[in-house]
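Below is one structure, written out as structure tokens; the observations come after it.
Note that the coordinates shown come from a computational prediction; the quantities given were computed from them, not determined experimentally.
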Amino acid sequence: MKKVGLLLSGGISKGAYQIGALEALNEYFGPGDFCCISAASIGVLNTYSFVTGELEHAKALWNSINPGGENTHLPSMLRSDFLQKSISGIVKSEPLSMPFYMPLWNIKKGAVLYADISRFAPGMAYTYMRAGVAMPIYNRGVEIGGATYYDGGLIDNIPIYPISSYDMDYVICMYFDKCNYLFENYDFDKKVIKINFPSDRSILDSFRFNHAMITRMMIEGKACAKRVLDTVFARGIDDVEEIKRRIQILNARNKQEQKPRITGDVVVNNLDKFMLKYAKRNIVRTGSSDNAGHASDLIEVSDGRNKQL
């Protein structure tokens, strides 16, 4: 079995696309077939459900939103306890079997923390996940280890950074921007199977929760992912050279929309350059059942060099 990474971005209500896409992915991979995972915001909940074998549970949660056909706009959804209850319903008592990173934002210190929730007991993993969907203004931050954290997707919505150094044969990346990003460099980018969900209704899809819209997004997400995966894996999931060749073909088709994306950039409207200028990035590489990581567990990234804090 080849070493495969999985990366899901945040997308607010557009996370419904990911449920369908993960159904398509499940035709090729089982929950435990990935060597490392990274996800942001709502992508954390979707990915966690997938790798714990609870994708149908996650789908049921999405289908439970406004079954009568009414609309709920983003502010109302964020102020409700729907996401928090959803997290408590999916967290498992057993730890994850692979590294699973998620970005958290410490506004006070201007820092982004990438936490590997596989290192923590379920209670602490639940706390991290709560922080991972806590949107400033609408939600209170979550205190971890004496600091307050919010949704790190506002800083890094496609968090490839914490898994970019892993020895992967290829990585499956799901995101919502129309751009065919060039991740890291050419050699790394040719490992990235990009599944994005461009939509003329992208703004509406992000900020309105409607049952019919959610159903449509799940159907379209599955169809979109299946087209890409069936193309890339036409000769199976273990023929790495053929997979890379097909990735290059797909990238060439979208070359006119391709642009570089430096690790850690924010891709949320025009907030990116401003936020990244003052956001430090740390990785929690180790953990325990009763703490959020000691100072010695944090790695600060500055000018391309790692140093122990």
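The aromatic ring centres of Tyr181 and Tyr175 sit less than 6.0 Å apart. Side-chain rings of Tyr28 and Phe233 approach one another, their centers coming within less than 6.0 Å. Within the 6.0 Å centre-distance limit, the rings of Phe197 and Phe176 are counted as a close aromatic pair.
Thr47 contributes no side-chain N or O that, together with a main-chain N or O of Val44, makes up a donor-acceptor pair within less than 3.5 Å. Distance alone, capped at 3.5 Å, places no donor-acceptor pair between the Asn46 side chain and the Ile19 backbone. At distances below 3.5 Å, at least one donor-acceptor pair connects side-chain atoms of Asp169 with backbone N or O atoms of Lys3.
Looking only at atom types and distance, the side chain of Tyr114 has a donor-acceptor partner in the side chain of Asp156 under 3.5 Å away.
A salt bridge is defined here as a Lys NZ or Arg NE, NH1 or NH2 lying under 4.0 Å from an Asp or Glu carboxylate O, and Asp189 with Lys194 meets this definition.
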Would Glu27 and Lys222 count as a side chain to side chain contact (heavy atoms under 4.5 Å, CB included) here? Give the steps. CA-CA 11 Å; Glu27 296 178 12; Lys222 184 172 184 177; 3.9 Å; yes

Please lay out, stage by stage, how Arg245 and Glu241 fare under the test salt bridge (Lys or Arg N to Asp or Glu O under 4.0 Å). CA-CA 6 Å; Arg245 188 184 75 82; Glu241 292 307 313; over 6 Å; no

Check the pair Leu7, Ile172 against side chain to side chain contact (heavy atoms under 4.5 Å, CB included), reporting the backbone distance first and the verdict last. CA-CA 6 Å; Leu7 170 65; Ile172 299 165; over 6 Å; no

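In terms of the side-chain hydrogen bond (donor to acceptor under 3.5 Å, both in side chains) criterion, residue partners of Ser41 (sequence neighbours excluded) are, by chain and number, Asp151.
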